[in-house]
2 protein chains.
Amino acid sequence: MISPELLEKYSAVMKSFGKNDIIFEEGNLPTHYYQVISGEVKMSNYNDDGREFIQGIFYKEQSFGEPPLFLNQKYPANAIAVDESEIFLLSKSNFMKLLEENPKVSIKIIENLAQRLYYKSVMAAEMSTQEPEHRVLKLIDHGIAYFNFKKDSNGYLINFTRQQIGDLTGLRVETVIRTIKALEKKGVLKIINRKVYR
Amino acid sequence: MISPELLEKYSAVMKSFGKNDIIFEEGNLPTHYYQVISGEVKMSNYNDDGREFIQGIFYKEQSFGEPPLFLNQKYPANAIAVDESEIFLLSKSNFMKLLEENPKVSIKIIENLAQRLYYKSVMAAEMSTQEPEHRVLKLIDHGIAYFNFKKDSNGYLINFTRQQIGDLTGLRVETVIRTIKALEKKGVLKIINRKVYR
DNA sequence: AACACTTTATGACTTAAATCATAAAACAAG
DNA sequence: CTTGTTTTATGATTTAAGTCATAAAGTGTT
């Protein structure tokens, strides 16, 4: 999103996180701008009985956690490294300075927030009114456009586990498994040794 | 959000909409920036069998529909005047010009998108993992902070119908009615001749 | 190779919310 | 005031997805 050169010019530092390390926690106040260099980060909530909801998954060059930073509000979710990951951290004050001095970056930020808002609008409507097959398919099709799914001879490989799909759509694993089987039977996607292709 | 003077300087025009008039429709490409002068606007989706999901409700000085404008994507929902409303319309090209020439407005836009993303994140988690009482209460408490609920001697008057609460939380009217009764019994809110107070 | 852990899979059952039906209040318009 | 529409309300019933139990296949580690 923001070029590494620019970030370093404003004293951003690179930090490494191990698998399942917490990057920030729900309820805390934001102190930094975060941008993935490598690896995979998820933002998620846990309800009272431990059930997870994944707000989004972020890959290289993507930033996350800006809304509360701009609003001086507590984080509404946790950020966790799904794999070993390297992240740029830029302090809030330096980030704000960067924005003021580089108006074109504001436009980039706007586009990025707009993109995420668009995704959330679509998924909110799906999750509230649509049946499991519709929800799962919408997520997969969005993922093809915006997550880093790779295409091979079988189609796009949906490299999410059934559990992740459930946590992103508000469905339980068993329901996702059954839904994906039903979608395969209908011919809208393929399962080739347990992996899902579209 | 953007001052009327600045909007008019860039040739924004005021347009009136009657109750239930469509402002823009799902699937269409954006052409304008919209900002409410007076009245009430809802953005919502209808699923295949006509069930509605309300993405958000907007009041005076609030803008809506920007994400697809920035992304050149089709609107993911409809915008409808809930009451008689007056709206500023600013063409996309003039809006972009306004942004370029007034960098401080970008920051305002960012804050506004951040706010909406924050709301969607909270509600998405609620809708996917929480039970009706939790969902309804969260919506109400958010509304007190961000919709224009008025405080009187009984507390904040939640001026949404049960149906609207249902369409905002993904619940059916009957469930909302029963949930609100249960919440009253627990003493977390009041019902005074059918109106809800918190 | 053996062991532990994760992921996918399936069947049986339970349950919370949706659906259906019906009606009384409240409100709005002529 | 009357009539039509919207909103709130309640009880009975249905159902789709969640829950529970159990297991096989796959993956990773020492």
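In the text below, chain A, chain B and the rest are named by the order of the sequence lines, each starting its count at 1. As the structure is a prediction and not an experimental result, all values here were calculated from the model.
- Rounded to a whole Å, the CD atom of E131(B) is 13 Å from the C1' atom of dT15(C).
- For K9(B) and E101(B), the salt-bridge test fails: no basic side-chain N is under 4.0 Å from an acidic carboxylate O.
- For the pair I177(A) CD1 and dG11(C) C1', the interatomic distance rounds to 13 Å; values are reported in whole Å.
- Atom pair M127(B):CE and dA16(C):P shows a separation of 20 Å (rounding to whole Å applied).
- Side-chain atoms of R172(B) do not come within 3.5 Å of backbone N or O of G166(B) as any donor-acceptor pair.
- In this view, K186(A) and E133(A) satisfy the salt bridge (Lys or Arg N to Asp or Glu O under 4.0 Å) rule, not counting sequence neighbours.
- Against DNA chain D, the stretch residues 184-198 of chain B makes heavy-atom approaches under 4.0 Å through R194(B).
- In this structure, the CZ atom of R172(A) is 14 Å from the P atom of dA16(C), given to the nearest Å.
- Taking the six-membered ring wherever Trp is involved, the centroid distance between the rings of Y197(A) and F149(A) does not fall below 6.0 Å.
- Summarising the geometry of M127(B) relative to S128(A), their closest heavy-atom pair is CE-CB, 3.3 Å, with the distance given to 0.1 Å.
- Within a heavy-atom distance below 4.0 Å of DNA chain C, the residues of residues 161-171 of chain A found are T161(A), R162(A).
- F95(A) and Y34(A) have their aromatic ring centers separated by at least 6.0 angstrom.
- When only modelled atom types and interatomic distance are considered, N102(B) and K108(B) share no side-chain donor-acceptor pair under 3.5 Å.
- Nearest approach of Q62(A) to I57(A), heavy atoms of both residues: OE1-O, 4.1 Å.
- Of all heavy-atom pairs between V188(A) and R198(A), the closest is O-NH1, 2.8 Å.
- In terms of position along DNA chain D, the nucleotide closest to F160(B) lies nearer the 5' end than the nucleotide closest to the other residue of the pair F160(B) and R178(B).
- The rotation axes computed at either terminus of the helix from dA1(C)-dT30(D) to dG30(C)-dC1(D) lie 60° apart, taking five pairs at each end and rounding to 10 degrees.
- Two different hydrophobic clusters hold Y119(B) and F64(B) under the rule that ILVMFWY side chains link at heavy-atom gaps under 4.5 Å.
- Ring orientation note: the planes of H142(B) and F147(B) are nearly perpendicular, at an angle over 60° on the 30°/60° scale.
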Atom pairs and distances, donor-acceptor, side-chain atoms in residues 11-25 of chain B, under 3.5 Å, two or more places apart:
unit_1	atom_1	unit_2	atom_2	d
D21(B)	OD2	G18(B)	N	2.6

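- Here chain A contacts DNA chain D (any atom closer than 4.0 Å to a heavy atom, that is under 4.0 Å), and the contacts span dA17(D) to dG26(D) from 5' to 3'.
- The pair K42(B)-E52(B) meets the salt-bridge criterion, since a charged nitrogen lies less than 4.0 angstrom from a carboxylate oxygen.
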